[in-house]
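Let me begin by presenting the structure, written as structure tokens, before commenting on it.
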There are 2 protein chains.
Amino acid sequence: MTFTEQHERRIPQRTIPRLSHYYRALLESREVQLISSETIAELTGYTAAQVRRDLAYFGQFGTPGRGYSVEDLKKVLLQILGIDHQWNVALIGMGNLGLALLRYRGFHEQGFNIIAGFDNDPRKVGQMIEGVKVHQMDELAEYAKRDQIRMAVVTVPASAAQAVVDQLVGVGVKAILNFAPVRLQVPGGVKIHNIDLAIELERLSFLAIHK
Amino acid sequence: MTFTEQHERRIPQRTIPRLSHYYRALLESREVQLISSETIAELTGYTAAQVRRDLAYFGQFGTPGRGYSVEDLKKVLLQILGIDHQWNVALIGMGNLGLALLRYRGFHEQGFNIIAGFDNDPRKVGQMIEGVKVHQMDELAEYAKRDQIRMAVVTVPASAAQAVVDQLVGVGVKAILNFAPVRLQVPGGVKIHNIDLAIELERLSFLAIHK
DNA sequence: TAGATTGTTAATCGATTAACAATC
DNA sequence: TAGATTGTTAATCGATTAACAATC
């Protein structure tokens, strides 16, 4: 069974991380052959109706009366999430957060290969960290082309982030994970996703004091 | 003007990070006296109606025909978000991500003081990193009590996270920022917020391949 | 066949937006 | 006063849930 784009309707934003959770549940589940939406729901904490609805946005992958083939559904979810292949990723900004992400094993395990680091600090340029060479920003175009880099992680200070993003867009990067605490402008066709630790902390603080 | 809890209705989850963005906009804005919902909207990328609606969940802070007092609104948002005072935070897990968060200046700038680190790796225990001492997990209760720790950041492996969270709950921690990629159980009254880098990467991958 | 479970429709729920009376 | 802008109501939009015919 293969996922084909044709079935696709407008997907609620919140469906996307749920798909990731479903995929994880399949990896962890002991069900070898078939798994029901009810079982996936139990493993993930969502509801069975939600599981079926989310999957149905992308096609018909189950068999009424039986359930979903674990093997097939894994493949389908890999395809839908775009993690059925490797991504070459550039990491821009070699500060503490950048270095931590470089050392974080999760990226590589998921098929996201950080293959080049960039920073304008002369003390960092030329260093080799975790097998990844640190380059000057003006070498970005060269490596982006050579290594088909279409995804980037940005961990530069807020004040530098828009310029960095403009450069990334200029060399053909299509998806950016931004940790700088600032709203960035990108042209249509380029996707940006923000993780803002300060705002997450404030959210936690809010939750802590409101009942 | 002071925010009092009494006005509060059920707050949409998505309102919370927007409040943080409004607060940032106030810090950055050049409006000295008064600011309109329209101006806040322009600075944050939301709509004026949304700004007014979000603020109205917590009380009446504006003046019709005039706008909001920048100074007053700053104070109110600080109170609502719970960042009008310092939080003492324990950091559990001194791996790469934990160390990066320890070095990340944003925490301290926001009034979140990481005052103790915990890890069970004997090579890490006793070390002093960025002015923070690393302790064994079994010393948690002692420090939690002494330093009134009510918030914690968890960066241990998924397999260890539930045990860690149970201990945190046991010593009175009320809010947990969890980076371990696993769903954790907490009793009512304890708030947990998850940041899952693997899932954020998969989200980015999804966005990158879906038009 | 009887029981199980999907995919989908309709109903519900919740959040956002538009509109405007109230008010400065 | 006239113009501006809030706070709130009603309308709209979007996402979730319940229910069930279709199907294995």
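Proteins come first, then strands; the chains are lettered A, B, ... in the order of their sequence lines, and each starts at number 1.
- Between B:Gly65 and A:Pro64, the residue anchored nearer the 5' end of DNA chain D, judged by the nucleotide with its closest heavy atom, is B:Gly65.
- The number of heavy-atom neighbours closer than 6.0 Å to CZ of A:Arg150, taken from other residues, nucleotides and ligands shown, is 12 or below.
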Base-pair string, DNA chain C, Watson-Crick plus G-U, cut-off 3.5 Å on both distances, | for inter-strand, is ..||||||||||||||||||||||
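- Across the protein-nucleic acid pair, A:Tyr68 atom OH and D:dC24 atom C1' stand 14 Å apart, rounded to whole Å.
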task = Begin from the C-alpha positions of A:Asn88 and A:Asp147 and carry the test side-chain hydrogen bond (donor to acceptor under 3.5 Å, both in side chains) through to its verdict.
result = CA-CA 7 Å; A:Asn88 285 344; A:Asp147 297 326; 5.7 Å; no
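- Cation-pi geometry between A:Arg53 and A:Tyr57 is satisfied (NZ or CZ under 6.0 Å from the ring centre, within 45° of the ring normal).
- We find that B:Glu71 and B:Lys75 are joined by a salt bridge, their nearest charged nitrogen and carboxylate oxygen being less than 4.0 Å apart.
- One can place CZ of A:Arg66 at 14 Å from P of C:dG7, the figure rounded to the nearest angstrom.
- For B:Arg66, the CZ atom counts as loosely surrounded, since its 6.0 Å shell holds 12 or fewer non-hydrogen atoms of other residues, nucleotides or ligands.
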Close N/O contacts between protein and nucleotides 16-19 of chain D (under 3.5 Å):
residue	atom	partner	partner atom	Å
D:dT16	OP1	A:Arg18	NH1	3.0
D:dT16	OP2	A:Arg18	NH2	3.1
D:dT17	OP2	A:Gln50	OE1	3.2
D:dA19	N6	A:Arg52	NH2	3.4

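- Using cut-offs of 30° and 60° on the angle between ring planes, the pair B:Tyr143 and B:Phe118 is perpendicular.
- Atom P of nucleotide D:dT6 and atom CG of B:Asp72 are separated by 14 Å, given to the nearest angstrom.
- One interatomic measurement links the two molecules: CZ of B:Phe61 to P of C:dC24, which rounds to 17 Å at whole-angstrom precision.
- One atom, CD of B:Gln60, and another, P of C:dC24, lie 10 Å apart when rounded to the nearest Å.
- Although no hydrogens or angles enter the test, the distance criterion places a donor-acceptor pair under 3.5 Å between the side chain of B:Thr155 and the main chain of B:Ile92.
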Worked verdict on A:Ile114 versus A:Val153 for side-chain contact (heavy atoms from CB on, under 4.5 Å): CA-CA 9 Å; A:Ile114 298 178; A:Val153 177; 5.6 Å; no
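- Ring orientation note: the planes of A:His210 and A:Phe206 are close to parallel, at an angle under 30° on the 30°/60° scale.
- For A:Glu42, the CD atom sits in a packed shell: over 12 heavy atoms of surrounding residues, nucleotides or ligands are nearer than 6.0 Å.
- Judged purely by atom type and a 3.5 angstrom limit, A:Lys191 uses its side chain to pair as donor or acceptor with the backbone of B:Leu207.
- Rounded to an integer number of Å, the gap from A:Gln13 CD to D:dA15 C1' is 12 Å.
- Proximity of residues 32-43 of chain A to DNA chain D (heavy atom under 4.0 angstrom from any strand atom) is not detected for any residue.
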